[in-house]
Structure formats: structure tokens, C-alpha cells
2 protein chains.
Amino acid sequence: MRTLHHPAKKSLTLSRVLYAFSDPVRLSIVKSIAAHGEQPCGTFGLSVAKSTASHHFRVLREAGVIQMRPEGTQYINSLRRDDLDSRFPGLLDAVLRATGPI
Amino acid sequence: MRTLHHPAKKSLTLSRVLYAFSDPVRLSIVKSIAAHGEQPCGTFGLSVAKSTASHHFRVLREAGVIQMRPEGTQYINSLRRDDLDSRFPGLLDAVLRATGPI
DNA sequence: CCTATTGTTCTATAACATTAGAACAATGCG
DNA sequence: CGCATTGTTCTAATGTTATAGAACAATAGG
């Protein structure tokens, strides 16, 4: 299986998206993509095991926050910005704008 | 003990606030206060046991989302709107504005 | 074909969350 | 005071999540 499942825009739920955002590791993934653009899983410098990172990417993907596009041996991660903005206007921006303690 | 602990504005964290928002029961509490103003715990029509409701109010309070003010035998719940807006501009509004599936 | 790279999936474990019943505390009212 | 009201806290059960090691799968490159 090379293609992972992504939920349709209309089936995104607020709870699930907020939950996906609510973990510091996942939040750092989201902020990194927002700041540096799309990137493969290995380039985030996460201080967790590979399998743990994979779990977090999965939570983000299944919540509809990120898109994972296979490219060679890796997956390129990007934000589903348009879908998020359309379903939850202002939410992603507010999360990205937040400063201070994580 | 009649006075419950509320975290200082500057010690609010994004993860904790997002986590507090990420539960459907808690989200309904927040939306109800936003829509109808401050109200005691008993008036939310939550379909969970009293002790469970108390747990959710506590999570919201300890995340800094709500303020619980004792008044007679009850606690009046209000949103810490100014604190939230100041620490996480646009976040509460985005959450309240969201429509569709919970 | 062999090997390295990249990331997933499987399995297990420890920590944490949700739920609710029962007991308790504080207040107000007769 | 006695009692109802309101909500908390304690305890326990159940379920979920984060974590990581090991095995696996897909691809690229030699």
C-alpha cells in the first residue's frame, strides 16, 4: 500500500482537528510545514522514535490536517490549508499565530 | 474549599487549551456560554453524570478556558474571553464560528 | 539482484482520560 | 436545626493514547 487514506473535506470534524493540534509534537510538525513548506517526515528533527513519529503523522492525516504524498521512498507532507480554512475559517491561522509556552 | 484554582493568563498553553476544546462535551459547554452568557453547571443539559460533568468543567477551568465563580450553592461559569484573546488571538472566535459536524 | 533509505505496521506497555456511583461539603431556606 | 440543592472529590472500571522496538514494504541506486 503506497496510498494512505485522507478524509474528505466535508467529513472533517472540529473535535478531531483540535485534538490533532493539541499535542506538542504534532503542533511542531504543523508549524514546521507552515514555516518551511512541504517536507518529508525525516526532516522535522522530532525527538521521538520513528514509529512514534509515524503515529503522529497518521493522527494529523486522519484528522485532515496534513496531506501525505508518496514520492520515491518518502512521503511529502503538506498542510491542507484550503480545506481547513474552508471548514474552520481562521482556526489554522490562529493556531499558527499563537506564541508563548507550547 | 469554595475557591477553585484558576491558572494565570501567562501560564496558559496552546496545547492545553486546544485539548480542552477537543472534547464534544466540553465544546458544547463553551459554545453554550458563548451563546447564552454565564451560567451555573446545572443548566447545560449535558447527557453525562454529575461527576463526569464536574470533570469536564475542571478540565476547562484548569486549561484557562472558563472561570468558575461561586455563588450560593452553585458555580457560575463564564468564558475567560479577554485572557484567551490576548494569549491566542482569534482562536476562540475560530472555534465558536466553526460549523458542521462536531 | 543486492543494499540502503524511508516510513509503515505490528505488538506491547505505561500513562492518561472518560465515565459513573457514592460519599462529602457548602450554602440557602423553612 | 433539618433538609434540599448544587457541585466536588474519591474510587474504580473501562477505554484510549503515546511511546518504542522489531519486522516489514516500497522505492531508488549501484
Side-chain angles (χ1 to χ4, degrees), chain A residues 1-7 13-30 32-33 36 38-78 102, chain B residues 1-7 13-30 32-33 36 38-78 102:
Chain A
M1 271 282 262
R2 285 302 283 148
T3 56
L4 304 172
H5 179 252
H6 291 79
T13 71
L14 182 58
S15 305
R16 244 173 134 69
V17 168
L18 289 171
Y19 181 78
F21 283 145
S22 79
D23 179 275
V25 173
R26 293 193 290 265
L27 210 45
S28 81
I29 292 172
V30 170
S32 178
I33 301 179
H36 310 110
E38 57 178 30
Q39 47 192 309
C41 302
T43 66
F44 289 86
L46 304 176
S47 54
V48 292
K50 203 168 51 156
S51 53
T52 303
S54 190
H55 161 73
H56 287 303
F57 282 106
R58 180 185 182 140
V59 171
L60 287 169
R61 173 173 52 79
E62 293 186 336
V65 174
I66 64 172
Q67 172 122 60
M68 301 179 72
R69 166 170 50 84
E71 198 167 296
T73 66
Q74 45 194 21
Y75 282 95
I76 307 296
N77 301 279
S78 56
I102 303 166
Chain B
M1 271 280 266
R2 286 300 283 147
T3 57
L4 304 172
H5 178 253
H6 291 78
T13 71
L14 182 58
S15 306
R16 246 174 132 69
V17 169
L18 289 172
Y19 182 79
F21 282 145
S22 78
D23 180 274
V25 173
R26 293 193 290 265
L27 210 44
S28 81
I29 293 172
V30 170
S32 177
I33 302 179
H36 310 112
E38 57 177 32
Q39 48 192 313
C41 301
T43 65
F44 288 87
L46 304 176
S47 53
V48 292
K50 202 168 52 156
S51 54
T52 301
S54 189
H55 161 74
H56 287 302
F57 282 107
R58 179 184 183 141
V59 172
L60 286 169
R61 173 173 52 79
E62 292 186 338
V65 173
I66 64 172
Q67 171 122 62
M68 300 180 71
R69 168 170 49 84
E71 199 168 296
T73 67
Q74 44 194 21
Y75 282 96
I76 307 296
N77 300 279
S78 56
I102 302 166

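Predicted, not measured: the structure shown is a model, and the values here were computed from it.
The separation between Arg16(B) atom CZ and dA17(C) atom C1' is 13 Å, rounded to whole Å. As a whole-Å value, the separation of Asp23(A) CG from dA17(C) P is 12 Å. Atom CG of Leu4(B) and atom C1' of dA25(C) are 12 Å apart (whole Å). Ile29(A) places its CD1 atom 11 Å from the P atom of dA18(D), with the value rounded to the nearest Å. To the nearest angstrom, C1' of dT8(C) lies 9 Å from CE of Met68(A). For the pair Gln39(A) CD and dG7(C) C1', the computed distance is 15 Å after rounding to whole Å. Distance Asn77(B) CG to dT8(D) P: 8 Å, rounded to the nearest Å. Rounded to whole Å, atom C1' of dT18(C) lies 14 Å from atom CG of Leu46(B).
Note that CD1 of Ile33(B) and OG of Ser28(B) are 9.5 Å apart. Values are rounded to the nearest 0.5 Å.
Looking at heavy-atom distances under 4.0 Å, Pro40(B) makes contact with sugar-phosphate atoms alone, never a base.
Remark: Arg58(B) pairs with Glu62(B) by the salt bridge (charged side-chain N to carboxylate O under 4.0 Å, His left out) rule, at least two apart or across chains.
Checked against dA23(C), dA22(D), dT9(D), the side chain of Ser51(B) finds its nearest nucleotide in dT9(D). The nucleotide whose nearest atom lies closest to any side-chain atom of Val48(B) is, among dT8(C), dA20(D), dA20(C), dA20(C). Counting only heavy atoms from C-beta on, Thr52(A) has its side chain closest to dT19(D) among dG21(C), dT19(D), dT8(D).
For Thr73(B) against dG28(C), a side-chain-to-base donor-acceptor contact under 3.5 Å is absent.
When the shell of 6.0 Å around CZ of Arg16(B) is examined, it contains 12 or fewer heavy atoms from other residues, nucleotides or ligands.
The shortest side-chain heavy-atom distance between Asn77(B) and Ile29(B) does not fall under the 4.5 Å cut-off. The closest side-chain heavy-atom distance from Tyr19(A) to Arg26(A) is below 4.5 Å.
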Pair Phe21(A)-Phe21(B), ring pair (Phe, Tyr, Trp, His ring centres under 6.0 Å): steps then yes or no: CA-CA 10 Å; Phe21(A) 283 145; Phe21(B) 282 145; over 10 Å; no

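In this structure, Tyr19(B) does not reach the dT17(D) phosphate: none of its side-chain N or O atoms is under 4.0 Å from OP1 or OP2.
Within residues 53-66 of chain A, the residues that place at least one heavy atom under 4.0 Å from DNA chain D are, in residue-number order, His55(A), His56(A).
In terms of heavy atoms, Pro7(A) sits closest to Arg61(A) at CD-O, 3.3 Å.
Positionally, the nearest nucleotide of DNA chain D for Val25(A) lies more toward the 5' end than for the other of Val25(A) and Gly72(A).
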